[in-house]
Amino acid sequence: MQGPLPKDPNADTEWNDILRKHGIVPPKETPKDEEAEEEDVLQQQSVVKTYETLEENEDDFNEEDEHAIELYRLQRIAQWQATQVKNKFGEVGEISGQDYVREVTEAGKGIWVILHLYKQGIPICTLINQHLSVLARKFKDVKFLKAISTTCIPNYPDENLPTIFVYLDGNIQTQFIGPLMFGGMNLTKDELEWKLAESGAVKTDLEENPQKQIQDQLMTSIHT
């Protein structure tokens with residue numbers, strides 16, 4: 001006649017030992033401290049990573065294993081693609097009129113393009129190119145371009161320089177034309193970043209318009 005099953009299978013009794021021997025109750029659990037439990041979690045997490053090397057033993061897989069490997073492969077591809085999109089650009093490209101359609105109009109779905117029309121020898125154009133080089137490294141998912149004005153638009157007047165066009169899906173979203181739009185040679189990188197953020201092209205981490213801080217400082221100086 002079979003004895004009753006124990007209320008506590010971990011109790012240290014002779015009857016439990018007999019049941020464990022015949023596989024009726026599970027082996028006695030050993031207490032785990034927090035560090036050991038953490039180690040178990042890390043081990044479980046590492047199981048997924050081992051799928052990278054398991055392809056060598058593909059013949060031993062069942063259908064569930066193959067499904068898990070396929071899911072993991074797709075996740076890795078998605079992560080890689082997201083990284084590639086996020087870090088797609090990172091510098092200011094130089095184009096001419098013949099490159100415009102390919103680089104701007106056909107830049108791609110959902111791609112923001114910032115095009116600076118400039119001319120050498122105009123100080124504020126040089127300043128903006130310097131700022132854009134820094135911003136391009138910060139916002140690598142945005143396509144920053146520059147072009148000598150007359151190579152893109154024949155007879156484009158110098159008094160309209162610098163000019164920045166902001167595009168999305170090949171359509172102009174915002175334009176900044178002429179030195180007054182930029183505040184002259186006092187333009188800072190943060191101010192330019194704020195302008196581009198207002199157009200929607202970049203997602204700035206600046207909390208407020210840097211120009212407002214300058215205005216507040218001026219007003220404080222006047223009152224003083």
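Heads up: numbering here begins at 1 and tracks the sequence.
There is no path of hydrophobic side-chain contacts, each under 4.5 Å, that joins Val104 to Ile148. The hydrophobic cluster containing Ile95 also contains Ile153, counting ILVMFWY residues as joined when their side-chain heavy atoms lie under 4.5 angstrom apart, directly or transitively.
Applying the side-chain contact (heavy atoms from CB on, under 4.5 Å) test to Asp205 and every residue at least two apart in sequence or in another chain returns Lys138, Glu193. Partners of Asp190 according to the salt bridge (Lys or Arg N to Asp or Glu O under 4.0 Å) rule, which considers only residues two or more places apart in sequence or in another chain, do not exist here. With sequence neighbours excluded, the residues satisfying side-chain hydrogen bond (donor to acceptor under 3.5 Å, both in side chains) with Glu198 are Trp194.
In Glu159, the CD atom is crowded: over 12 heavy atoms of neighbouring residues, nucleotides or ligands sit closer than 6.0 Å.
Between Val202 and Leu135, the closest side-chain pair of non-hydrogen atoms is not below 4.5 Å.
Across all non-hydrogen atoms, the minimal contact from Glu191 to Asn186 is OE1-O, 3.9 Å.
The structure places CD1 of Ile128 at 5.0 Å from CD1 of Ile164, a figure rounded to the nearest 0.5 Å. To the nearest 0.5 Å, atom CG of residue Leu145 and atom CG of residue Asp99 are 9.0 Å apart.
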Going by atom type alone, with no hydrogens or angles, which donor-acceptor pairs under 3.5 Å involve a side-chain atom of residues 165-184 and a protein atom two or more places apart or on another chain?
unit_1 : atom_1 : unit_2 : atom_2 : d
Tyr167 : OH     : Tyr100 : OH     : 3.1
Asp169 : OD1    : Gly110 : N      : 2.7
Gln173 : NE2    : Asn171 : O      : 3.2

Please table the atom pairs, donor to acceptor, closer than 3.5 Å between any side-chain atom in residues 112-126 and protein atoms at least two apart or in another chain.
unit_1 : atom_1 : unit_2 : atom_2 : d
His116 : ND1    : Asn129 : OD1    : 2.8
Tyr118 : OH     : Glu94  : OE1    : 3.2
Tyr118 : OH     : Glu94  : OE2    : 3.0
Lys119 : NZ     : Asp158 : OD1    : 3.1

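Contacts classified as side chain to side chain donor-acceptor pair (under 3.5 Å) and involving residues 143-154 (residues at least two apart or in different chains) are given here: Glu103-Lys143.
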